[in-house]
Amino acid sequence: MPQLAEDLNKTVNDRITKMQISGIRAFDGMCSKIPGILKLTLGEPDFNTPEHVKQAAIDGIKNNDSHYSVNRGKIELRQAIASYIKRSRGIDYDPETEIIVTIGGTEALTSTMMAMLNPGDKVIIPTPVFSLYFPIVEITGAKPILVNTASDDFNLTPERLEDEIAKAGDGVKAVMLNYPTNPTGRTYTKEQIQALAAVIKKHHLFAVVDEIYSSLIYGGRKHYSMATEMPERTILVSGLSKSHAMTGYRLGYICGPAKFVNEAGKIHSYLVTTATDASQDAAIEALNNGDEDPIKMRAEYEKRRDYLEAALRKLGFEMATPEGAFYMFAKIPAQYGTDDLKFATDLAKQAKVGLIPGNVFGPGGEGYVRLSYAASDADLHEAVKRISAFMEHLN
């Protein structure tokens, strides 16, 4: 096998060489090698993509829809996204100039950050949060300012945001929010969003909001978007992966003011050219005729949350009750202190249950583990049984 020439070792991107691979994927990979393990590691819906959505993709393939799409995505899909955002958030986005179809939410975030940030800029990110955000900011030469929200029930408060902006000094350009949040399942009320928006406006910042879990909020609550509150300075990122169990279709989108979207569109074109035709055909159907699809999934997730929370609390675990998404962020047993990696490793090897160590989600994640309850009832009951046996052994 070829080895990189020694004289080329110092010519690669220094920012990349300093980065680590995803802690979530790394730990999941380790777990996958353990025979008989039951994994609650990844945010992968256990539901199938709805039949009418799959059929739309099949029809597109059969109709030879297999050529380059428009760079920003099919106009029919951008119109469907605009219509959905209008229905769900009350915002009017122009499909022609204010929406880009991307390869999942990941590319949407990457294109957004690359278009927005210059070396030396700073982005405030409440943690614990999906760890992908940190390297996406760093690859631009900007600096993520990680804010530990554990003492505030895992939500960013306006007072804390003011403090962090002051401490960060010059160069703060954006606040990045994900809600409902991966890994805690916490979300924000309309009043909380309005209070944060007031601070963001005061300091003339962007808000970048990842709303991929917005259709999965419990208790009859309605998602309130930062983009609804201040569309003129918010970049909205979302997609179909969680709402319609379409993770493998890799279909996301960016919505925002035309002046910014034009710049993000350049990055998008350089990175991927365009999204896949069949995935776009499926997304058109999902957005135009699939508003009811997430309802059944949400009801099942809420039922699983209730079961898992009660079972884990009975075993002595503490957690903030998830208000959305499909994750539980549980504090590890006192015997382990804050060593969540050791606890998760021991649990994987001894009890054959795979969870994700909380430290990978940034400050405030230490001493916790994330469980995904996007799994069958049978798997969740078996996981609780195995965790229970492990805990009895500890005691």
Open item on the list: Could you check whether any side-chain N or O of Lys331 sits under 3.5 Å from a backbone N or O of Gly367, counting only pairs where one atom can act as donor and the other as acceptor?
Closed with: no

Donor-acceptor list for residues 282-292 side chains, cut-off 3.5 Å, not counting sequence neighbours:
from, atom 1, to, atom 2, distance (Å)
Glu285, OE1, Asn289, ND2, 3.1
Glu285, OE2, His52, ND1, 2.7
Glu285, OE2, Asn289, ND2, 3.4
Asn288, ND2, Ile284, O, 3.4
Asp291, OD1, Arg87, NH2, 2.9
Asp291, OD2, Arg87, NE, 3.0
Asp291, OD2, Arg87, NH2, 3.2

Task: Under the salt bridge (Lys or Arg N to Asp or Glu O under 4.0 Å) test, residues paired with Arg298 that sit two or more places apart - done: none

Task: Residues in salt bridge (Lys or Arg N to Asp or Glu O under 4.0 Å) contact with Asp277, at least two apart in sequence or another chain - done: none

TODO: Not counting sequence neighbours, list each pair that qualifies as a side chain to side chain donor-acceptor pair (under 3.5 Å) and has a residue in residues 317-329.
DONE: Tyr213-Tyr327, Arg221-Glu323, Glu309-Thr321

Open item on the list: So that I can tick it off, tell me whether Lys18 and Asp14 are bridged by a salt bridge, with the cut-off set at under 4.0 angstrom between side-chain N and carboxylate O.
Closed with: no

Open item on the list: Salt bridge or not between Asp46 and Arg304? Use side-chain N to carboxylate O under 4.0 Å.
Closed with: yes

Open item on the list: Assess the residue pair Arg78 and Val70 against the criterion (side chain to side chain contact (heavy atoms under 4.5 Å, CB included)); give the C-alpha distance rounded to whole Å, side-chain angles, the decisive distance to 0.1 Å, and a yes or no.
Closed with: CA-CA 11 Å; Arg78 284 180 281 145; Val70 177; 3.8 Å; yes

Task: Separation of Leu40 CG from Leu380 CG (nearest 0.5 Å) - done: 6.0 Å

Task: Heavy-atom side-chain proximity of Leu77 to Leu251 below 4.5 angstrom - done: yes

Open item on the list: For a side chain to side chain contact (heavy atoms under 4.5 Å, CB included) check, start with the C-alpha distance between Tyr188 and Leu196, then their side-chain angles and the critical distance, and finish with the verdict.
Closed with: CA-CA 10 Å; Tyr188 292 89; Leu196 290 172; 3.8 Å; yes

Open item on the list: Starting from Leu4 and following side-chain heavy-atom contacts under 4.5 Å between hydrophobic residues (I, L, V, M, F, W, Y), which residues can be reached?
Closed with: Leu8

Task: Heavy-atom closest pair, residues Gly364 and Phe154 - done: O-CE2, 3.9 Å

Open item on the list: Going by ring pair (Phe, Tyr, Trp, His ring centres under 6.0 Å), name the residues that satisfy it together with Phe260, two or more places apart in sequence or in a different chain.
Closed with: Phe206

Task: Reported CD1-to-CZ distance for the pair Ile124 and Arg160, which is rounded to 0.5 angstrom - done: 10.0 Å

Task: Asp94: side-chain hydrogen bond (donor to acceptor under 3.5 Å, both in side chains) partners, not counting sequence neighbours - done: Thr97

Task: Residues in side-chain contact (heavy atoms from CB on, under 4.5 Å) contact with Ala108, at least two apart in sequence or another chain - done: Thr102, Val237, Ile254

Open item on the list: Closer than 3.5 angstrom, by distance alone: can the side chain of Gln280 be matched with the main-chain N or O of Ala275 as a donor-acceptor pair?
Closed with: yes

- [ ] Would you give the length of the straight line joining atom CG of Asp170 to atom CG of Asp121, rounded to the nearest 0.5 angstrom?
- [x] 11.5 Å

Task: Criterion side chain to side chain contact (heavy atoms under 4.5 Å, CB included) on Val129 and Asn182, from CA distance to verdict - done: CA-CA 6 Å; Val129 75; Asn182 173 10; over 6 Å; no

Open item on the list: Would you say Lys242 and Ser215 are linked by a side-chain donor-acceptor pair, where the criterion is simply a distance under 3.5 Å?
Closed with: no

Task: Within the 6.0 Å centroid threshold, strictly below: Tyr301 and Phe47 - done: yes

Task: side chain to side chain donor-acceptor pair (under 3.5 Å) pairs, two or more places apart, involving residues 350-369 - done: Asp340-Asn359

TODO: Check whether any side-chain heavy atom of Val147 sits under 4.5 Å from a side-chain heavy atom of Thr127, and report yes or no.
DONE: no

Open item on the list: For a quick test of reading the model, state the closest non-hydrogen atom pair linking Leu216 to Pro294 and the distance between them.
Closed with: CD2-O, 4.3 Å

- [ ] Check Ile145 against Glu164 and note the closest heavy-atom contact, atom names and distance.
- [x] CG2-OE1, 4.3 Å

Open item on the list: Salt bridge or not between Asp379 and Lys39? Use side-chain N to carboxylate O under 4.0 Å.
Closed with: no

Task: Leu394 side chain reached by Tyr336 side chain, heavy atoms, under 4.5 Å - done: yes

Open item on the list: Going by side chain to side chain donor-acceptor pair (under 3.5 Å), name the pairs with one or both residues in residues 135-153, residues two or more places apart or in two chains.
Closed with: Asp153-Arg186

- [ ] Hey, could you give me each pair passing side chain to side chain donor-acceptor pair (under 3.5 Å) that has a residue in residues 262-271? Not counting sequence neighbours.
- [x] Arg72-Asn262, Glu107-His268, Glu263-Lys266

TODO: Decide yes or no for Ile75 and Pro95: does some side-chain heavy atom of the first lie under 4.5 Å from some side-chain heavy atom of the second?
DONE: yes

TODO: Kindly indicate whether the side chain of Asn155, heavy atoms from C-beta on, has any atom under 4.5 Å from the side chain of Tyr179.
DONE: no

Open item on the list: I want to check something: taking the side chain as every heavy atom from C-beta on, are Ile91 and Lys86 in contact at a cut-off of under 4.5 Å?
Closed with: no

Task: Aromatic ring proximity, centroids under 6.0 angstrom, His381 and Tyr307 - done: yes

Open item on the list: Which residues pass the side-chain hydrogen bond (donor to acceptor under 3.5 Å, both in side chains) test with Asp59, not counting sequence neighbours?
Closed with: Gln55

Task: salt bridge (Lys or Arg N to Asp or Glu O under 4.0 Å) between Asp346 and Lys342, intermediate numbers included - done: CA-CA 6 Å; Asp346 287 350; Lys342 178 169 173 51; 3.3 Å; yes

Open item on the list: I'd like to know if the side chain of Lys173 and the backbone of Met116 have a donor-acceptor N/O pair within less than 3.5 Å.
Closed with: yes

Task: Residue pair Thr184, Arg370: steps toward the side-chain hydrogen bond (donor to acceptor under 3.5 Å, both in side chains) verdict - done: CA-CA 8 Å; Thr184 65; Arg370 188 193 76 176; over 6 Å; no

TODO: Taking the side chain as every heavy atom from C-beta outward, state whether Glu162 and His203 have any atom pair closer than 4.5 Å.
DONE: yes

Task: Separation of Glu211 CD from Ser243 OG (nearest 0.5 Å) - done: 12.5 Å

Task: Under 3.5 Å donor-acceptor, Thr181 side chain and Asn178 backbone - done: yes

Open item on the list: Other residues, nucleotides and ligands only: do more than 12 of their heavy atoms fall within 6.0 Å of NZ on Lys201?
Closed with: yes

Open item on the list: Between Ser88 (side chain only) and Tyr84 (backbone N and O only), is there a donor and an acceptor less than 3.5 Å apart?
Closed with: yes

TODO: Using a cut-off of 6.0 Å, state whether more than 12 heavy atoms not belonging to Leu42 lie near its atom CG.
DONE: yes

Task: Side-chain heavy atoms of Val369 within contact of Ile356, under 4.5 Å - done: no

- [ ] Indicate yes or no: does Glu382 engage Arg386 in a salt bridge with an N to O separation below 4.0 Å.
- [x] yes

Open item on the list: Can a side-chain donor-acceptor contact be found between Tyr224 and Glu191 if the only test is distance below 3.5 angstrom?
Closed with: no

TODO: Could you walk me through whether Ile200 and Leu161 pass side chain to side chain contact (heavy atoms under 4.5 Å, CB included), step by step?
DONE: CA-CA 9 Å; Ile200 293 169; Leu161 179 55; 4.0 Å; yes

Task: Ser372 side chain vs Ala374 backbone, donor-acceptor pair below 3.5 Å - done: yes

